[in-house]
Structure formats: structure tokens, C-alpha cells
Amino acid sequence: MEGSWNKLKFCFPIISHKLEYNETNREKLDELCKELISLNVLDEITQMLCLEIQNTLLKQIVPEFWKPFFENNLESQSNNKAKQKCEFQIFRNAITQLFRRYQLLNRIMVQVKYLESKTGKKLIYNFDEVFKSSLLSQLPDSFTNIVHAFYYVSFKVFINTKADNDDDEEFMEEREECLGCEMLQLKCQCQELVNAFGEINLCLTKMGLLDRISGYTLTHLIQNEIYNHIQKTCKGNFDTQHLKNLEKWLDTIVLEWLTRIYNNGSSKLDPTNTKIRESINCFQMKLKYFLYEKYANSIIDQFFNIIIEFPESQPAIDDLKLCMEKLDLRAHLVETLKTSLKTRLLHQGVDTCDIITGYVATIKTMRHLEKSGILLQTCTEPVKEYLRKCRQDTVRCVVTSLIEETPSDLAEELARSEAIKAEENERNKDEMNNWQEWSPDPVDAITDSEKHSRNRKSDIISMIVDIYGSKELFVNEYRNLLAERLLINLDFNPEKEIRNLELLKLRFGENLLHSCEVMLRDISDSKRINAHILESETFTSTAEKDEPSVSALIVSSQFWPTFKKETMELPDEMNKIFERYKKSYEEYKGNRTLCWSALNGKVNIEIEINDKKLDLTVTPAQATIIWHFQNQKEWQLDSLSTVINMPPSVLRRRIGFWQLQGLIRETKENLFVLCDEKQQDCEMETQVNVVLDEEETMVSANDQREEELQVFWSYILGMLTNLDSMPLERIHQMLKLFASQGPGFEFSQDELKSFLQRKVREHKLVYALGVYQLPKN
Amino acid sequence: MKIKVKSWTSVAWWKWIANDENCGICRMAFENCCPDCSFAGDDCPLVWGHCSHVFHMHCICKWLNSQLNQQLCPMCRQTWRFNDR
């Protein structure tokens, strides 16, 4: 009995709580076995040995293994790099020790198994399982930090060795520190670190712990590195495609590193080892998706900048396109873009022109991203709404940029009109031929009306016009702008305008732009008539000597925007000349006469004052005012206002121009005096060249609309007299029914509502309980 | 102070000298053209009848062509005669 116990203690020191292993040969074990069998305790002893091993694991090995992980968490080292280095070592030591003990226990286990085989029963458990489970049962929270540090350090070393091969050597030499291990170049530890790293991974693989201990951290780390890499290489850099390089980076560097970890330190994969290959492939797939997702998200997050930089940023869009084929990013893209448009474009601080530029850029970018235009439509809905609701000057801005002298996106787009038409036809044909390639709209497409699907494929100008949904508005605004330009710049070059007009006609149709055509014709006709009249008998025979040269722009009033009704009295001298001009015209044209619009036009005058000469181009009103100061040096505002036939307030504003020139002063209230004495305080610059002070000569589009609506007022009055009271919808319907022949009928219910509301404010209507009534008096 | 006007450009609109504003046939203003034309004035002139009524030339000609027997002024039903003023 005693002898047997001693033998047992010798063969298995673990039974007396010693973590040791004695090399024993088969004979000794067999002998021990026989004795134990004779004592009938073999079963018990085998189980006892198992328990003892398990105990040692739980009470000694595992706690000792985890101990440094706990300790390290407590001390906080200020230097991050040093800390990581330190953690690297801790992990390395812990694993090495664990591995040594694992091997030892394994050897003991072999002997115990031999004993078990003698009993003929299944008595012991799978050692590896127990090892793993007892290890993980005591897992500390913070252990991932250390594992992370371990892999992070080695990853950096690895990347650096890879980069070394690619980069210029000169560049590398300039650095004192090694990029990998961050030690001085001379003391570079990279190789050592690589060796240690390979060794540890091998240990982990042998213990079957690689996945359990490092798997999660590893994935996390790599994802992090992918993210950082994307940020580093691609952020703010849209003019090259990155996706290929990123994939290459992932396939070569990251996967090679992974392969090394899983494949015992070598990067060459054994083709027969399908298990490793499979897990690497699996990793690769996961990481590739992750890469796509992160890259696409980084593009989407910077989408506004990409829009601004388009078309330079086209490569980024191409990348995103590729990503979107693999991942469903539509919802995210729409949301992000909508938000960034809102925060960066749609607020008070941005000019309407800039919003339109942004809108055009968005259209172009999204067109490039997606041909069908569904995303575009969803994303730009807020822009359209904002422009429609908050920006009154949208139309004007668009029209201005359409016809501007300086090249702009829209002007270019307009010039492309014909090409686009042809393109569209081509596309329609294609669509019919390739009907098999048709695919339905995605579920998130706006499908509320037929109009949308029609507009989706139309060009940029149509999309802009689509903001308001009516061509008339744009054409009207164009007409007003054109009239303004023509009136201000009387001797202009008509060719460009004619070209513009032709392009616009292609776009909006001949009918709508007819009056603009007449306007341009009026200009050229005027030149001809002018020349004729100035040479005619009637005009020249009575001409005085040194008469100012006159000319006139003769317009067909029906086709021009309405002139303001305001008028004024010209100086007598000028009046006489223009009377003569009119007579000559009547003679020339027969049965036709002229009505002067005295306020419009421009005057070139030379003023001689205080031995100085001023050469100015001014409006007729300004010329008339200064003319009157020629003979009378002081004027009361009121008396001048009667002479010129101009309201005092307007007159005062116009005198302001001469005050600025230093020619007139207001000495007392409403008393204006010419400064022609040599006074020190009215110094003038001799070379003042002021171009026309721009005044609005036309009734604005808004006022004009007002007038149009006024036409319907009589209809509304009639309706309400007969039917007593009506709700808004019904009035709108009735007007549509009865008054649709009139010009400019197209108005919305909203427009009618605001019109009626104004009538309510003017006490011409009563609004109560949702119906409009005439006030009872 | 002496002011010398070098050039004075003014703006005017032309008007028919007639006793009405609209053409009695097409109801357009005289200064506008008849529905078949696109330019007013020289391209779409007015004509005067002895009865003192005025129409776009194109309008009254069309009207007269559509009359089978008598050539009447559509406004006063007198026989239409052009007044060459």
C-alpha cells in the first residue's frame, strides 16, 4: 500500500500538488497499474488525477496567467507607445508561460490516459476542452486591451516592413526613428518583434486558443485599421479612384498579415491546408464588405464637398457607384445628402444664385451617379421646396445666369440645348430597343404623379424650370429682364441677344417667346427709322444750329412689359425737338404717331462749371433737373416739382445724384442751390464718369400679375352677388370654368387665396366660417 | 454753368391714329397684330372705311371674302368702302 502510493507520487507528482512531470517508462506505469488494480482503486485514482489536474488549472495556472492582465490595468502609464510596448511584452510572457505549462499538463495527461485505457472505461474528459473552458471562465474584462496592444504593435511593424519595400529609401533614411517599432533606427527591434509575434501565434494555435483569445480583437483591430487607412488616403481627395488601391492594400498587406498569424508565421499558404484557407477566405470576404461599407460611408459623408467639386470629383462618384452595386446605401445616401444640403445650402446666409449653382451641381453629380434620376429626385425635393417657398428671386437669378455675359453652368447648358434634344431622342429609341433591360423603380422612388417620371430624365434647365412647374413664369421674367437690358443699354449688340433668344425658343417654344422677338425687332427697326427721320426734310429744315443730336427707341407697346405710368416734363428745347421728331414720324409712317416715355432713355451731357468740364451719361430725369439749374440757380423743391411735373419725393431722390456729384447743395430745407461759385467745400473731381443710375423702368412681374388677377375681380364680384357666399375651392373652380379664355389665367388656388385675402384686408370681402362673402352695407 | 447736350436718346411707343382702340373683328388692340400675323405695325396695317370704322386689314379682308352678296361693314352694316386717307 505504502509502496504503491510512493510509486504513484513518483509517476504523478501532481497528486501531491506539485506542477511537475517525471519521465516514466511504460514498465513502471504498467507496474503501478497492476498494483492499483489489485487494490481495486484504478478507477478512483484515474479520476482523482483528472480532478487534480483540473484543480491545478483552475487554482494556479489560470489565475497566474490572467494576473498580469489585471495588474496592468491598474497602473496607468502616461506614455502610450511605451505602454503598448510593455503590454506587448506582458502578453508575450504570459502566453509563453502558459504554453509551457500546457505542454507539461499535456504530457501528464498522456500518462493518465494510459491508466484510463487499462480500466477499459471512459473516465476522463477531453483535456483541451477543459483547458479552454477553465481559462475563459476567469476572463478579465480588460484583457482585450492587452491583446489589442499586442496585435497593434505587430501590425505596425508589419506594415512598415511592407512599406519599406515600396517607398523611396532616401525618404526612409531621413527619419531617425523606425516607423515600425518607434525606436531609433540603430536599435530597431522590428525583426525581434516579428519573431516573437510568430512564436506567440504558433503557441496560441497549438493550444487552440487563437480564435478565442485573439479573434474578436483581431477583427476589431483590422476594421479599425481599415477605417484609419481610408480616412488617411481618401479624405478630401476626390480626384482619383481609390477603390482599386484599397482592395489591393487589403488583399496584400492585411491579408498577408492575417495569413501569417493563422499559418504559423509564413505568408505562403499550404494549398492542402483547406481549413486555414477557408477561414482566411471567410475573413477576406468579411473585410472586403467592411472596406466597401466604410469607404462608401466616407464618400457619402463628404458628398456635399464632392458635389461642389464636381466634375473634378468624378472618380469618387465612380467609386461610390461600384460600392452601391454591392451594398444597399440608398437610404443612407438620401438621408445624409438631404441633411447636408439643408445645413450647408438652404439657409439665410446663402445667396439664391449660389443655391441654384449648388442645385445644378447636385443635379450633375447625381446624374453621374445614377442615370434614372430617382435618387436625385428624392434628394433635391427639399431644395426645390425651399427655393419655391423662401426665395422670391429664384426665377430672376436663373434667367440672369441663363443669359449672362460671363460663362455660367446654365448658360452652357442652354447652349447645349440642341445636343440634348438629339440625345433624348436617341435615348428614347434605345429604350424601345432594349426593353428587356428595363427594371422597375426602387420602392423609395417618388411615384405620386406621372409628371415626376416624365421629368426624371429631362435636362438641367427643365429641372430648374420644374421648381415652379410653369414655363410662363420664366419666360415672363426673361421678357422683363430683356426689356430692362434693352432700355438701359440702348446701343447694344443685338447678335448675342438674338442667339440667346433662339436658344430659349428651342427650349420653351416659339409662342411664349414671340413678344421677345418683337422687342428685338423693334430695336433694329428703331435704328432704321431713326436714320430715316434724322435725314428727312421735316426734321432737318427747321433744325437750329448746334442742336443736340437725338434718337429714339420706338417700341411696340403691346409686346413690351408695361411701362410705368409716371411721367415728366422735358425741357422746352428738348420738347421742341422731339415734337419735330414725332411729326416726321407721322409723316413717314402715316396714320401712326408716337407717345414719348420721357423717363426712359439716356442722355450724354457736358457740363462746364468753374472752368472744369464734366462729361456725363445720365438719365433723362437727371438731365432735366440740372438743365433747370442752368437758368435759375436756386429752386424750391415744390416749384421745381411743378415745372418738371414730378412728385417731390421722387424729385428729391433724383436731385440726390447731383448732390453726390457736388453740383447741387441743399442749403435750407427744400431749397436746392447750384454750387457754381468757387467754393472750397464743393470740390469736384474732373473725371467723374458715372454710368446710368439704374432705375426700374418697368413694372415688375409681381405687379403685372396683380393686374392680371384684377381682371378676375369682376367675375368674383358677380359670382358672390348671385350666390351669396362661396368657399375658396368653388371660386377657383368657377373661375376656371368661366374665365379660362382670358390671358394669364393659369393661377393656383394658393395664388387666388392670397389675392382674396388681400381683398379681405381691404374690406372688399368678408371671410367667415370658410366662405367668402361680400360685405353687407 | 453751361450745359451742352451731346446726345439725347428717348423712348417712345407708336400708336395708330384711330377713333377706337381695338379691332372690332379680332378684338385685339390695334397696336397688336391680327391673329394670323406675328408682327404689328407695318406687317399688319389698319384700314379705314367710309363709315369711319377701323379694322386690321387682314381681318376685314377675311370678313369681306366670307360675305357672299354684299360687302358690309361688320359694325354698322353699311356697304363697306375703303377710305384711302
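Order of the sequence lines fixes the chain letters, A, B, ..., with proteins taken first and strands second; residue numbering starts at 1 for each chain.
For the atom pair CD of A:Q630 and CD1 of B:I3, the computed distance is 4.5 Å after rounding to the nearest 0.5 Å. To the nearest 0.5 angstrom, A:N591 atom CG is 3.5 Å from B:W48 atom CH2. From A:T593, atom OG1 reaches atom CH2 of B:W16 across 12.0 Å, with rounding to the nearest 0.5 Å.
The side-chain heavy atoms of A:V603 and B:V5, taken from C-beta on, include a pair separated by under 4.5 Å. At least one side-chain heavy atom of A:K589 sits under 4.5 Å from a side-chain heavy atom of B:D42. Considering only heavy atoms from C-beta on, A:Q558 stays 4.5 Å or farther from B:W13 through its side chain. Looking only at side-chain heavy atoms (C-beta outward), A:R592 and B:L46 stay at 4.5 Å or farther from each other. A:W596 places none of its side-chain heavy atoms less than 4.5 Å from the side chain of B:V11. Between B:F39 and A:F559, every side-chain heavy-atom pair lies at or beyond the 4.5 Å cut-off.
B:D43 and A:R521 are joined by a salt bridge, as a carboxylate oxygen and a charged side-chain nitrogen come within less than 4.0 angstrom of each other. The pair A:E606-B:K4 does not count as a salt bridge, with every side-chain nitrogen at least 4.0 angstrom from each carboxylate oxygen.
For a residue to count as touching a neighbouring chain, one of its non-hydrogen atoms must lie under 4.5 Å from one of that chain's; by this rule A:L570 touches chain B with the side chain only. Heavy-atom distances place the side chain of A:Y585, and not its backbone, under 4.5 Å from chain B.
Residue B:K62 places its NZ atom among 12 or fewer non-hydrogen atoms of other residues, nucleotides or ligands, all under 6.0 Å distant. Around atom CG of B:N19, more than 12 heavy atoms belonging to other residues, nucleotides or ligands sit under 6.0 Å away. The environment of NZ in A:K576 is sparse: at most 12 heavy-atom neighbours from other residues, nucleotides or ligands sit within 6.0 Å. Within a 6.0 Å radius of CD in B:Q67, more than 12 heavy atoms belonging to other residues, nucleotides or ligands are found.
Side-chain atoms of A:S549 and B:S7 include no donor-acceptor pair closer than 3.5 Å. With 3.5 Å as the limit, one finds a donor-acceptor pair spanning the side chains of A:S556 and B:W14.
With chain B as partner, the option from A:C595, A:S526, A:A623 having the largest number of non-hydrogen pairs under 4.5 angstrom is A:C595. Residue with the most contacts toward chain A among B:G41, B:A29, B:P45, B:S38: B:S38 (heavy-atom pairs, distance under 4.5 Å). Between chain B and the residues A:S515, A:S551, A:A552, the most heavy-atom pairs under 4.5 angstrom are made by A:S551.
In this structure, A:S597 and B:S10 approach most closely via the heavy-atom pair O-OG, 4.0 Å.
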Practice prompt. List the steps and the verdict of side-chain contact (heavy atoms from CB on, under 4.5 Å) for B:K2 and A:I609.
Written response: CA-CA 7 Å; B:K2 249 182 89 182; A:I609 188 168; over 6 Å; no
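Judged by distance alone, the side chain of B:E31 and the main-chain N or O of A:S557 form no donor-acceptor pair under 3.5 Å.
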